[in-house]
2 protein chains.
Amino acid sequence: MYISDRVRPSCTECPIRHRAVCARCDEDELAILDNIKSYKSFKAGEPILWRGDELTYLASIVSGVGSLGKTMEDGRIQMVGLLFPSDFIGHPGRAQIEFDVVAVTDVTLCCFKRKPFEDLVASTPHVAQRLLEMALDELDAARDWMVLLGRKTAREKIATFIEMLIRRQSLSDPSSEALKVVLPLTREEIASFLGLTLETVSRQLGAMKKEGILHFSDRRQFEVADFDALHIATGDDADGGPLF
Amino acid sequence: MYISDRVRPSCTECPIRHRAVCARCDEDELAILDNIKSYKSFKAGEPILWRGDELTYLASIVSGVGSLGKTMEDGRIQMVGLLFPSDFIGHPGRAQIEFDVVAVTDVTLCCFKRKPFEDLVASTPHVAQRLLEMALDELDAARDWMVLLGRKTAREKIATFIEMLIRRQSLSDPSSEALKVVLPLTREEIASFLGLTLETVSRQLGAMKKEGILHFSDRRQFEVADFDALHIATGDDADGGPLF
DNA sequence: CGCCGGTTTGACATACTTCAAGAGAAGTGG
DNA sequence: CCACTTCTCTTGAAGTATGTCAAACCGGCG
């Protein structure tokens, strides 16, 4: 689906209506949001925000995939999160952003002016509660990713990454076949998400292909041929299944 | 300061009154909290909660240091956070906890029964707002730690860890000298926080001692003799100072 | 066609882990 | 107060997963 820069679709038809910050809003609250929102689009590869930027807008991802990351002074990069449709960008109550936000694919945002949005958060419990819920979910996800970064092997990282992709892709597009995976990221971007180098990512994907776990139809597209093997490779449970 | 299990000090004299989840509460709200709170103490090393445990209480750390971590099925451990006085344990709106919580030193908690606390969150914006603020701060901290886990060298990890300790220790005890550091964790615990092995931690601390950056008075206690060198060692800015 | 970004593959380097032994502290019980 | 055990920590030697460097490949596009 493509949404132009100018069009500002009504919230009631919004594809992320039921999962974004506005999920719990009633009609009146949506009307307020409608007044302070605007759509913005970015081409794949374009920066959306740099660390330290003034946050004049907060935003929800409507479509596409973005990344959240940090660059060290000597150039090392660590991605700290992927942003899928319905994910939120920016901290209400904070004037600046602490991370770089980049459009990985073409991205469309639903932007809210910061000040009026913060007033809304302060005055309507619905938005504040939803925001808290989302923040706590992200916190759990971030901590799980810390386990991956700190303790998992390259192979486990790749397998976990693929499982995560499947989960999120089927969440934002329930029509997609579960086992057909399209990588939205380059090898280098995957590497910076997993705390690896692009060469290691390439080798591990190659190995899983050779072992018949993944069937590539394209360098960016594959099918999971052996889901159990993939899951075992994540290291998430030693015996390959929930302990009933 | 020691607070016994039975005593339930008034909120007005609470040492974490102005930083904890109750920071923004007025008298009436404190009165409600007073009714649903109870103190609990744990000895160093005792588990406070295991992953998957029913969350009948939510809590604030009053004194001591706790850890938040995850254990993989094969025994690998990754600590995902340290809990200092005023830090909060548990997600309102979630019946179970996703991580293991352990008392690193002797710990005293101020526990709130979950159900009434959640009602309070739903009804009073003060608590909800403070909770959101704290969650967002923790989210930023978790993401910064992801950079450490994914990209930093062993030496940079140790240096960053020490700087973080100094910051948090002086925050929760402003009387403490900034450069006197007491390690609340064993080498093994430090390792599991930094995604390293205890041997590597020991060697890196040894190296910094030999280089004169740290002066140990005890295996768990040292002074930072060369703060600049420590900061440069973190890798956080290549030239050793903010780029003003 | 020839360039170009993304990717693969190989050979080599190394930071960190693993395995192993021993030295200090700290607690316990006689 | 002294053996005795038990942790915690240090130090060394050897192994390995992953990083680094470099070359070649591939598909797309002007």
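What you see is a predicted model; the values in this text were computed from it and never measured. All values below come from the heavy atoms of this structure, side chains included, with hydrogens, waters and symmetry mates left out.
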Look at the side chain of [X] and the backbone N and O of [Y], then say whether any donor-acceptor pair between them is shorter than 3.5 Å.
{"X": "Gln169(A)", "Y": "Val181(A)", "answer": "no"}
{"X": "Thr105(B)", "Y": "Val65(B)", "answer": "yes"}
{"X": "Glu46(A)", "Y": "Val107(A)", "answer": "no"}

How many whole angstroms separate atom [atom1] of [X] from atom [atom2] of [N]?
{"X": "Arg76(A)", "N": "dT18(D)", "atom1": "CZ", "atom2": "C1'", "value": "15 Å"}
{"X": "Lys157(A)", "N": "dA17(D)", "atom1": "NZ", "atom2": "P", "value": "14 Å"}
{"X": "Lys210(B)", "N": "dT10(D)", "atom1": "NZ", "atom2": "C1'", "value": "12 Å"}
{"X": "Asp74(B)", "N": "dT17(C)", "atom1": "CG", "atom2": "C1'", "value": "15 Å"}
{"X": "Asp218(B)", "N": "dG24(C)", "atom1": "CG", "atom2": "P", "value": "15 Å"}

*So which pairs with a foot in residues 42-90 of chain B pass ring-ring contact (aromatic ring centres under 6.0 Å, His included), sequence neighbours left out?*
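Applying ring-ring contact (aromatic ring centres under 6.0 Å, His included) to every pair that reaches into residues 42-90 of chain B, excluding sequence neighbours, yields Phe88(B)-Phe117(B).
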*Let me have a per-nucleotide readout for nucleotides 3-16 of chain C, 5' to 3', with B, S or -, counting only protein heavy atoms under 4.0 Å.*
---BBBBBB----S
*Do Phe99(A) and Asp144(B) have side chains that get closer than 4.5 Å, going by heavy atoms?*
yes
*Are side-chain N/O atoms of His91(B) and Asp137(A) paired as donor and acceptor at under 3.5 Å?*
no
